[in-house]
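Worksheet for the structure shown next.
The basis for the numbers below is simple: all heavy atoms, side chains too, and nothing from hydrogens, waters or symmetry mates. Throughout, a chain's letter reflects where its sequence line sits, starting with A, and its residues are numbered from 1.
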There are 2 protein chains.
Amino acid sequence: MSRAETSRRGSRPGRAGIRDVAAAAGVSITTVSDALNGKGRLPDATRRHVREVADRLGYRPSAAARTLRTGKSGLIGLTVTTYGDEPFTFTEFAYFAEMARAATSAALARGYALVILPATSRHDVWSNVALDGTVVIDPSDQDPVVSELVRQGLPVVSDGRPAGSLPVTAWVDNDHEAAVLGILDHLADAGARRIGLLTGTTTDTYTHLSTTAYLRWCERVGQDPVYEAYPAHDPCAGAVAADRLLARPDRPDAVYGLFDPNGTDLLAAARRYGLRVPDDLLLVCCSESTVYANTEPPITTLSLKPRRIGTAVVQLLIDAIEGVESDRPVEQVIPTELIVRTSSQRRPPRTTVSPPRSPEDR
Amino acid sequence: MSRAETSRRGSRPGRAGIRDVAAAAGVSITTVSDALNGKGRLPDATRRHVREVADRLGYRPSAAARTLRTGKSGLIGLTVTTYGDEPFTFTEFAYFAEMARAATSAALARGYALVILPATSRHDVWSNVALDGTVVIDPSDQDPVVSELVRQGLPVVSDGRPAGSLPVTAWVDNDHEAAVLGILDHLADAGARRIGLLTGTTTDTYTHLSTTAYLRWCERVGQDPVYEAYPAHDPCAGAVAADRLLARPDRPDAVYGLFDPNGTDLLAAARRYGLRVPDDLLLVCCSESTVYANTEPPITTLSLKPRRIGTAVVQLLIDAIEGVESDRPVEQVIPTELIVRTSSQRRPPRTTVSPPRSPEDR
DNA sequence: GTCGTTGACAGACACGTTTCTGCAAGGTCA
DNA sequence: TGACCTTGCAGAAACGTGTCTGTCAACGAC
């Protein structure tokens with residue numbers, strides 16, 4: 001009687017509130033909440049009745065109100081690095097796309113959604129969204145965003161071992177040094193005498209670790225380093241750097257490229273200089289792209305396993321958010337995979353250059 | 001005196017509320033809110049003082065509370081299509097990555113953040129996040145998610161002209177029919193006599209429109225259609241389909257591939273059959289990838305301009321959210337760009353197959 | 001001297017949930 | 001038969017903002 005069926009003045013026609021459901025079902029707000037969330041102690045009949053009424057009214061609980069009350073939003077931030085003017089860039093395209101895809105998928109499977117955020121400290125955007133935690137990709141040393149998030153008590157998991165004393169909750173990374181050493185050994189085994197490196201000028205951990213590992217390997221085997229660096233976010237610069245590397249007087253007979261497009265860049269440069277791959281030049285690059293299976297010749301690639309990384313990062317983050325005591329280590333090293341193709345293998349018996357055969361020959 | 005300096009029992013050490021700021025500044029909650037949001041009528045001295053105190057306390061307004069109060073969350077959904085088991089997939093990789101990048105960038109520039117959501121109607125995820133509006137990529141006919149969102153009164157902008165009578169707020173798309181016709185004419189001009197198509201088995205609008213345009217073009221010029229279809233989300237199937245297309249007795253002398261990896265797939269298949277590109281086979285594919293500038297030979301590609309599309313979609317959506325009366329049309333057609341490279345041009349004077357020359361020859 | 005007007009702020013409510021506390025009815029046991 | 005527990009549900013207090021309404025002092029005009 002005293003209950004207001006009109007659910008106050010501001011009742012939007014398209015949005016039914018929990019009060020409307022309670023009124024329509026003839027029960028209290030508490031009962032509706034308990035029935036829909038599977039809490040409290042209610043007989044199944046009441047539970048079913050409330051659910052049926054809620055469905056009929058098309059009731060959707062307000063995410064904002066739930067977040068305000070429970071303190072959990074079900075949202076995870078995904079922070080990506082920024083280069084120069086571009087407010088936001090997916091460098092290492094296929095890597096990031098795959099990683100983001102796996103992360104999104106893993107998050108959704110546990111009921112969370114991902115919010116894409118820039119690494120810049122634009123407070124107005126960061127503070128406008130209620131996050132339960134954040135995934136940070138390759139944070140820089142003393143990253144202010146990470147510090148701020150940690151200060152607020154939010155868990156932060158990073159893709160990439162944090163440099164310095166960045167206080168992240170957990171991290172996942174490849175063993176980049178081991179990967180580079182493995183590739184260099186692989187190339188040396190294939191007969192390379194002077195191995196060159198195509199690297200980046202940026203200061204991220206991946207570039208730094210890989211370059212350092214290369215330099216140390218050179219020192220160990222007594223080879224002079226032969227490398228060219230370029231800003232990795234500029235695709236044209238990569239082609240130029242590949243060209244420079246092969247134009248040097250101390251031209252390498254094998255090259256490892258740290259970034260995704262380096263394979264085609266190096267292949268094109270090799271063609272310009274009349275170098276045959278793999279006869280005159282062995283080639284490996286780090287890439288997640290499948291195009292290298294079908295280039296001429298197919299190019300050996302190093303996969304960083306972004307899907308495993310994306311999945312692992314999100315699992316760790318959600319474990320931390322929910323306070324789950326999982327048996328997952330908080331510092332995970334994901335093994336890389338070297339996909340060996342023609343470009344890094346000298347053909348042991350030198351066959352004639354065979355013209356492609358049509359399937360009828362088989 | 002009666003004011004509680006301890007800000008109630010549940011005061012988290014890392015989180016200062018608006019009450020704490022008010023108490024520390026010696027003013028009321030109203031004054032703090034007005035000072036920080038630039039409303040009300042306050043002397044500049046008070047405004048500055050409040051801001052200074054808020055900064056000192058590291059005050060960040062609660063996004064959830066603000067959303068609950070104002071009804072605006074500053075979040076935009078980005079819905080991507082789902083294929084089979086994969087809960088979530090970025091097909092047409094580079095296209096989606098570029099589109100998402102541009103959309104994120106445009107949204108951030110206007111103070112919004114993007115949430116990645118699956119097209120499946122998993123209500124638990126959708127209703128857990130407060131959205132101001134949604135971008136839908138290539139919605140299917142009678143998409144239940146779109147209907148539900150519209151029913152809730154949320155604006156929905158689609159990338160791709162909506163099929164049927166889907167009630168979206170606005171849409172942006174390329175003129176796929178014109179693009180296909182342009183490519184077919186381009187290939188015919190280059191001397192193609194029988195043009196084949198590599199297409200998909202999925203029912204999305206892009207595939208449908210492109211295939212239909214191809215069939216109509218064939219009918220008009222009196223050519224028998226020569227095409228192979230495969231599930232676009234399976235990369236291996238693409239290679240097989242490319243092989244099938246070139247193995248047919250009525251082998252085409254030119255092929256257009258609708259999907260990103262088709263270029264390398266077709267190139268590899270052509271090599272297997274001993275077909276030279278472009279001499280024996282003209283090639284064009286739809287792709288945003290830059291690898292086709294450096295393949296041997298470079299492959300002509302059609303760009304759908306995903307960055308312009310991503311930007312336009314977000315601008316339209318935010319205009320609708322904010323009720324801005326912009327002069328932007330609610331149905332936008334973005335022109336495509338054909339990047340003509342070697343693979344679709346017969347060399348007018350038939351030169352000898354020149355071995356790659358080293359730069360010293362120049 | 002009183003009355004409207006304006007500036008500067010405070011009190012209180014509402015947003016829509018979740019959840020703690022509590023109450024009545026009915027069953028069980030000493 | 002009362003003490004006590006369980007069941008089924010209702011009331012009301014938060015969560016942290018934004019904002020409407022109202023108060024108090026100062027001030028000029030009649």
Report the nucleotide, chosen from D:dA10, D:dG18, C:dT17, that has the shortest atom-to-atom distance to any side-chain atom of B:Arg69. D:dG18
Distance below 4.0 Å between B:Ser28 side-chain N/O and C:dA10 OP1 or OP2: yes
Rounding to a whole Å, what distance do you find between B:Asp20:CG and D:dC15:P? 11 Å
Rounded to the nearest 0.5 Å, what separates atom CG in A:Leu36 from atom CD1 in A:Ile18? 6.5 Å
Are OP1 or OP2 of C:dT18 and a side-chain N or O of A:Arg66 less than 4.0 angstrom apart? yes
Using atom CG of A:Leu36 as one end and atom P of C:dG16 as the other, report the distance to the nearest whole Å. 16 Å
Can you tell me how far P of D:dG16 sits from NZ of A:Lys72, to the nearest Å? 14 Å
B:Ser33 side chain near D:dG18 phosphate (N/O to OP1/OP2, under 4.0 Å): yes
Which residue lies toward the 5' end of DNA chain D, A:Thr70 or A:Asp34, if each is placed at its nearest nucleotide? A:Asp34
Can you check whether A:Arg19 has a side-chain N or O nearer than 4.0 Å to OP1 or OP2 of C:dG16? yes
Can you check whether B:Leu42's main-chain N or O pairs, donor with acceptor, with B:Thr46's side chain at less than 3.5 Å? no
Taking CG from B:Asn37 and P from D:dC20, how many angstroms apart are they, rounded to a whole number? 13 Å
Please report the distance, rounded to the nearest Å, between CZ in A:Arg41 and P in C:dC23. 14 Å
Nearest-Å distance for atom pair CZ/P, residues A:Arg60 and C:dT17: 12 Å
A:Thr31 side chain to A:Val27 backbone, donor-acceptor under 3.5 Å: no
Has the side chain of B:Thr30 got a donor or acceptor that lies under 3.5 Å from a partner of the other kind on the base of C:dG11? yes
For the side chain of B:Ala65, starting at C-beta, report the closest nucleotide among D:dG16, D:dT7, C:dT18. D:dG16
Please tell me which of B:Thr46 and B:Leu68 maps to the more 5' nucleotide of DNA chain C, matching each residue to the nucleotide holding its nearest heavy atom. B:Thr46
Does D:dA10 have OP1 or OP2 under 4.0 Å away from a side-chain N or O of A:Thr31? yes
Report which part of the nucleic acid B:Ile29 touches: base, sugar-phosphate, or nothing (heavy-atom distance under 4.0 Å, all strands). nothing
Is a side-chain donor or acceptor of A:Ser158 paired with a backbone partner of A:Val136 at a separation under 3.5 angstrom? no
Would you say B:Lys39 reaches D:dT19's phosphate, i.e. side-chain N/O to OP1/OP2 under 4.0 Å? yes
Between A:Asp132 (side chain only) and A:Ser73 (backbone N and O only), is there a donor and an acceptor less than 3.5 Å apart? yes
